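Within every chain, numbering begins at 1; the chains are lettered A, B, ... in the order of the sequence lines, protein sequences first and strands thereafter. Being a predicted model, the structure only gives us computed values, none of them experimental.
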Amino acid sequence: MIVRNLKLLGNNLYMLYKEELEKLLKLDGQIKGVFLQTDAKYILEKEGEGGLQRLEKKAKEFGLKLDYRTARAMQWYPVGLRPISLLLIKEVFGYNDKDIREMGRMAAKFSFIIKFFVRFFTSIKKIFEKSPDYYKMQYSIGKLEPVYFDEKEKKCILRLKNFKIHPLVCFYLEGYFQGVAEFALKGKVSCQETKCVFRGDEYNEYLIQW
Amino acid sequence: MVEENNNQNLISTEEEIIQTLEQDLRELETYIQDFWKFLPLPICYVNPVHNILDVDNSLVEFSGYKSIELIGEDVKILFNDPQIEELKKEIFHKDSISFDKMTFLTKDKKEIPTKVIAMARKSEQGEVIGYFLAIIDISESLNFQKKLEEEVKRKTKELQEKIEELEAFHKIAVGRELKMIELKEENQKLKEELKKYKS
């Protein structure tokens, strides 16, 4: 998990990334290893074994050790690895922001933590109410607040405070929250990031409708 | 100073407890994942709104779907059988139920006869929080049963033919016997008549 040998690579692209990766690795906070498992699973499903090997190779080129195959869901990792893994995936497979969002949506489906704490997933209201606890299980920084819920209007709002990691993570989380909501709902579900710290707002806000 | 030391001891104990719990969770995680990988029977876990939450490798192989295509979908995607609606209702009232014959539907629309067993999972408060579904392929045993029935039918037919042959033989044999008796009687009569003429 250390950026090293970057100078030796002598490639402009790597030099461009160097600064960003080092900055991300210095971010305060931790994340549970489940994100490495879900990334690996998604890539295996979409790109096959060869795809995962390409991703591992790319991480190695950057001097990064990302335990895609051996990560444990409940183990803590530096939070900077979340955007770093997404950046690498974007780089290797040419994914756009929409693809990263879809990856987040699918991550909810593959998450061991979701399956393990499945008792929350009996209704959308319960998921909404329990979302701060569930968030705390996965991130050591930031605070998720359930601010609005209306079963008749079929919408709810989640607010994420003190969480400024990377814009790519915002797309990812937008998909992730949708994926979690889809577990408890039938029919079309949508999630939209209505406020974002990278657009000058004080916090991130997500509107979920069904 | 003593109080400070006590507090430090408390903190380290708390940290130790957290570390132990996290270690336990990691081991539990490995156990669960290994168990799901090992299961030789197609199994899935479904939540109370009947969306599939987890599938094992055997179900992926059996259905032809990728796990990504099944997780989050309504469980009815796996069946072409009205009994699935009955299962969905019943599981909230019974701890476990089974259906001897339900038609499973693979991704390429192949229908497979299966036996389906469902077991409810409940919270401490007794609320159903999901259910496990085990799917047993019975196509081989049904084929065997069909073959067995065909064999019994064939043997019965053969037996029937033998009986008919025997009956025909019996009829012929009995007819011949009667004719012989008749001829003997006639012979006897003629002998008696011949005796009269001689005397």
J.: With a 4.0 Å cut-off on N to O distance, would you call A:R72 and B:E27 a salt bridge?
T.: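 The answer is no: the pair does not qualify as a salt bridge.
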J.: Within a radius of less than 6.0 Å around CD of B:E158, do more than 12 heavy atoms belonging to other residues, nucleotides or ligands occur?
T.: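 Buried by this count: over 12 neighbours within 6.0 Å.
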J.: For B:I32, which atoms come within 4.5 Å of any heavy atom of chain A: side chain, backbone, both, or neither?
T.: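 Contact with chain A involves the side chain of B:I32 alone.
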J.: Has B:R176 got more than 12 heavy atoms of other residues, nucleotides or ligands less than 6.0 Å from its CZ?
T.: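 Check fails, neighbour count at 12 or below.
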J.: Quick one: pull up OG1 in B:T30 and CE in A:M74 and give me the separation to the nearest 0.5 Å.
T.: 11.5 Å
J.: In Å, rounded to the nearest 0.5 Å, how long is the span from CG of B:L28 to CZ of A:F112?
T.: 6.0 Å
J.: Within a 6.0 Å radius of atom CG on A:D28, are there more than 12 heavy atoms belonging to other residues, nucleotides or ligands?
T.: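 Count not over threshold, so no.
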J.: Around B:E151, counting heavy atoms of other residues, nucleotides and ligands shown, do more than 12 lie under 6.0 Å from its CD?
T.: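 Enclosed.
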J.: Please examine the side chains of B:I68 and A:K109, heavy atoms only from C-beta on, and report whether any two atoms are closer than 4.5 Å.
T.: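 No, side chains not in contact.
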J.: Examine whether an atom of A:E182 lies under 4.5 Å from a heavy atom of chain B, and if so say whether it belongs to the side chain, the backbone or both; otherwise answer neither.
T.: backbone
J.: Determine whether more than 12 heavy atoms belonging to other residues, nucleotides or ligands lie under 6.0 Å from atom CD of A:E202.
T.: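 No, because the 6.0 Å sphere around CD of A:E202 holds 12 heavy atoms or fewer from other groups.
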J.: Just wondering, more than 12 heavy atoms not from A:K186 lying within 6.0 Å of its NZ?
T.: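 Yes.
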J.: What are the two closest non-hydrogen atoms of A:L185 and B:N51, and how far apart are they?
T.: O-ND2, 3.6 Å
J.: Take atom CZ of B:F144 as the centre, draw a 6.0 Å sphere, and report whether it contains more than 12 heavy atoms from other residues, nucleotides or ligands.
T.: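 No - once you tally the heavy atoms of other residues, nucleotides and ligands closer than 6.0 Å, there are 12 at most.
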J.: Using non-hydrogen atoms only, which part of B:E69 is less than 4.5 Å away from chain A: side chain, backbone, both, or neither?
T.: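 Neither part, no heavy atoms under 4.5 Å.
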J.: Tell me which one of B:V49, B:I52, B:L53 satisfies side chain to side chain contact (heavy atoms under 4.5 Å, CB included) with A:F183.
T.: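 With A:F183 as partner, side chain to side chain contact (heavy atoms under 4.5 Å, CB included) holds for just one option, B:L53.
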